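What you see is a predicted model, and the numbers here were worked out from it, not measured in a lab.
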Amino acid sequence: MDRLSGEDLVPSRKPGAIATIGEETVRVDDAGNVLERKPIVVRYFTEQIGAVSLDMVAIPGGKFLGGSPKSEEGRWDWVESYELQVSVSEFWMGRYAVTQAQWQAVAQLPPVKCTLDFDPSRFKGERHPVEQVSWDEAKEFCARLSRLTGNMYRLPSDVEWEYACRAGTTTPFACGGTLTTAIANYNGTHTYAKGSVGEFRQGTIEVGSFPPNAWGLYDVHGNVFEWCEDPWQHRNSTRRVKRGGAWLSSPKYCRSAYRFCETRKARNSHLGVRVACSASDVLRPANESYTKPGK
């Protein structure tokens, strides 16, 4: 992506109108056979960063059981045993992981707390997810985007991420009982449940290459892990939660319940970012009639 001039990055201070779009999600059985292709309607708004757009999807408020049952294959007892019903307030979440084009547009904005590498990623491509960014740099991205747009961007919490990933499902993956490399980018030399060996692409691919989950979020399993806001296990930890699995992960590490951590300074080619914002932190056009997400 070419560097933009300051005139290209004039803040709008409000998102575009909230709109709906029809999409299709997929459900598979434990062997990876497609059981259903289901139309979904997604509510979203588009944030403009110069010539680059960023779509934010409405995530309805609700309750869910976090963690995994003891019977789930690949379960890590010590980090997934919190099977409690959790309430989540409505919020907005990026339709995709932050792309390299989006990162580069924001990296040109004046710093808030730290500098940002304009082109940090190992696997290049404007629509590939940005990677090799630390937690602090992900936070800086959110701070700059917030200052530009007037909307309060942040990283999703650990609980929000799992809730949004599941999109109302209780299976190991949002798409069902297993993954296949026809619906996610992970290390297909490894299998899960009754799934078959698939492709190992050995790097990231463009966001949105596969069907979304039932709430319109793409690539919640594989491609890149995504930073969350939360410290790991205890408040004073220097490590931060990561979610979702990546291009080099076996499928058990891409499950909805799987969670692990990195030091907040970590940078690697399988770790990216997806942004979120609370429903109350989004400015809307004065003439926009607003319906709560999920209604």
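With hydrogens and angles left out, the side-chain atoms of Gln132 and Asn268 include no donor and acceptor closer than 3.5 Å. Using a 3.5 Å distance cut-off with no hydrogens or angles, the side chains of Ser157 and Glu229 do not pair a donor with an acceptor. No hydrogens or angles considered: nothing links the side chains of Thr171 and Arg27 as a donor-acceptor pair under 3.5 Å. Checked by atom type, the side-chain pair Glu206/Ser209 shows no donor-acceptor distance below 3.5 Å.
Taking all atoms of both residues into account, the shortest heavy-atom contact from Cys175 to Leu179 is SG-CD2, 3.7 Å. Taking every heavy atom of both residues into account, Thr178 and Asp29 meet most closely at CG2-O, 3.4 Å. Of all non-hydrogen atoms in Asn213 and Ala164, the two that sit nearest each other are ND2-O, 2.9 Å. The shortest non-hydrogen separation linking Ala193 to Gly177 is CB-O, 3.8 Å. Residue Val224 comes nearest to Ala97 through the heavy atom pair CG2-CB, 4.3 Å, listed as atom of the first residue, atom of the second, then distance. Shortest non-hydrogen contact noted between Cys228 and Leu155 is O-CD1, 4.0 Å.
Under a hydrophobic-cluster definition in which Ile, Leu, Val, Met, Phe, Trp and Tyr are linked whenever side-chain heavy atoms come within less than 4.5 Å, directly or via other members, Phe260 and Val273 are assigned to the same cluster. Cluster membership check: Phe45 does not share its hydrophobic cluster with Met152, using side-chain heavy-atom separations under 4.5 Å among Ile, Leu, Val, Met, Phe, Trp and Tyr. Placement of Val220 and Ile183 in two distinct hydrophobic clusters is found when ILVMFWY residues are connected by side-chain heavy-atom separations under 4.5 Å, directly or transitively. Clustering ILVMFWY residues whenever any of their side-chain heavy atoms sit less than 4.5 angstrom apart, transitively, puts Tyr253 in the very cluster that holds Trp78. Placement of Ile59 and Val159 within a single hydrophobic cluster is found when ILVMFWY residues are connected by side-chain heavy-atom separations under 4.5 Å, directly or transitively.
Put simply, CZ on Arg122 and NE2 on His270 are 11.0 Å apart, with the number rounded to the nearest 0.5 Å. Asp117 contributes atom CG, which lies 10.5 Å from atom OG of Ser134 (distance to the nearest 0.5 angstrom). Taking SG from Cys165 and CE from Met93, the interatomic distance works out to 8.5 Å, rounded to the nearest 0.5 Å. Summarising the geometry, atom CG belonging to Leu148 is positioned 7.5 Å from atom CD belonging to Glu47; distances are rounded to the nearest 0.5 Å.
Ring planes of Phe225 and Tyr258: tilted class, angle from 30 to 60°.
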Does the pair Phe118 and Trp103 meet the rule for a ring-ring contact (aromatic ring centres under 6.0 Å, His included), with working shown?
CA-CA 7 Å; Phe118 179 75; Trp103 181 270; over 10 Å; no

Passes side chain to side chain donor-acceptor pair (under 3.5 Å), Asn187 versus Thr189? Steps please.
CA-CA 6 Å; Asn187 185 345; Thr189 65; 2.6 Å; yes

May I have the step-by-step check of side-chain contact (heavy atoms from CB on, under 4.5 Å) for Glu24 and Ile40, ending in yes or no?
CA-CA 6 Å; Glu24 185 179 79; Ile40 58 173; over 6 Å; no

Show your reasoning for whether salt bridge (charged side-chain N to carboxylate O under 4.0 Å, His left out) applies to Glu262 and Arg239.
CA-CA 5 Å; Glu262 297 277 0; Arg239 296 178 177 270; 5.4 Å; no

Take Val57 and Leu217, measure what side-chain contact (heavy atoms from CB on, under 4.5 Å) needs, and give me the verdict at the end.
CA-CA 7 Å; Val57 172; Leu217 300 177; 4.1 Å; yes

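Residue Ile205 is found in a hydrophobic cluster whose other members, listed by chain and number, are Phe210; membership requires side-chain heavy atoms under 4.5 Å apart, directly or through intermediates. Members clustered with Val207: Tyr96, Tyr218, by chain and number, using a 4.5 Å side-chain heavy-atom cutoff among hydrophobic residues. As a member of the Ile/Leu/Val/Met/Phe/Trp/Tyr network built from side-chain separations under 4.5 Å, Phe200 groups with Phe123, Trp247, Leu248.
Tyr44 and Trp92 have their aromatic ring centers separated by at least 6.0 angstrom.
In this structure, the side chains of Pro110 and Arg147 come closer than 4.5 Å at one or more pairs of heavy atoms. Between Val42 and Thr20, the closest side-chain pair of non-hydrogen atoms is not below 4.5 Å. In this structure, Glu126 and Gln100 have side chains that are not in contact, with every pair of non-hydrogen atoms separated by 4.5 Å or more. A heavy-atom distance below 4.5 Å is not found between the side chains of Thr181 and Asn185. Residues Val133 and Phe141 are not in side-chain contact: their nearest non-hydrogen atoms beyond the backbone lie 4.5 Å or more apart. Between Pro231 and Arg240 there is a side-chain heavy-atom pair separated by less than 4.5 Å. Arg274 has its side chain out of reach of Val98: every pair of non-hydrogen atoms, C-beta onward, lies at least 4.5 Å apart. You'll find the side chain of Lys242 stays beyond 4.5 Å of the side chain of Glu226, heavy atoms only.
No side-chain donor-acceptor contact under 3.5 Å links Glu140 to the backbone of Thr115. In this structure, Glu90 contributes its side chain and Ala279 its backbone to no donor-acceptor pair below 3.5 Å.
Legend: salt bridge (Lys or Arg N to Asp or Glu O under 4.0 Å) pairs involving residues 184-202, not counting sequence neighbours, sorted by first then second residue: Glu199-Arg201. Identified under the ring-ring contact (aromatic ring centres under 6.0 Å, His included) test for residues 155-187, with sequence neighbours left out: Phe64-Tyr163, Tyr163-Trp215, Phe173-Tyr192, Phe173-His221. Residue pairs satisfying the salt bridge (Lys or Arg N to Asp or Glu O under 4.0 Å) criterion with at least one member in residues 95-114, sequence neighbours excluded, are listed as follows: Glu23-Arg95, Asp55-Arg95.
With Glu80 as the partner, the side-chain hydrogen bond (donor to acceptor under 3.5 Å, both in side chains) test is satisfied by one option alone out of Arg75, Arg255, Arg259: Arg255.
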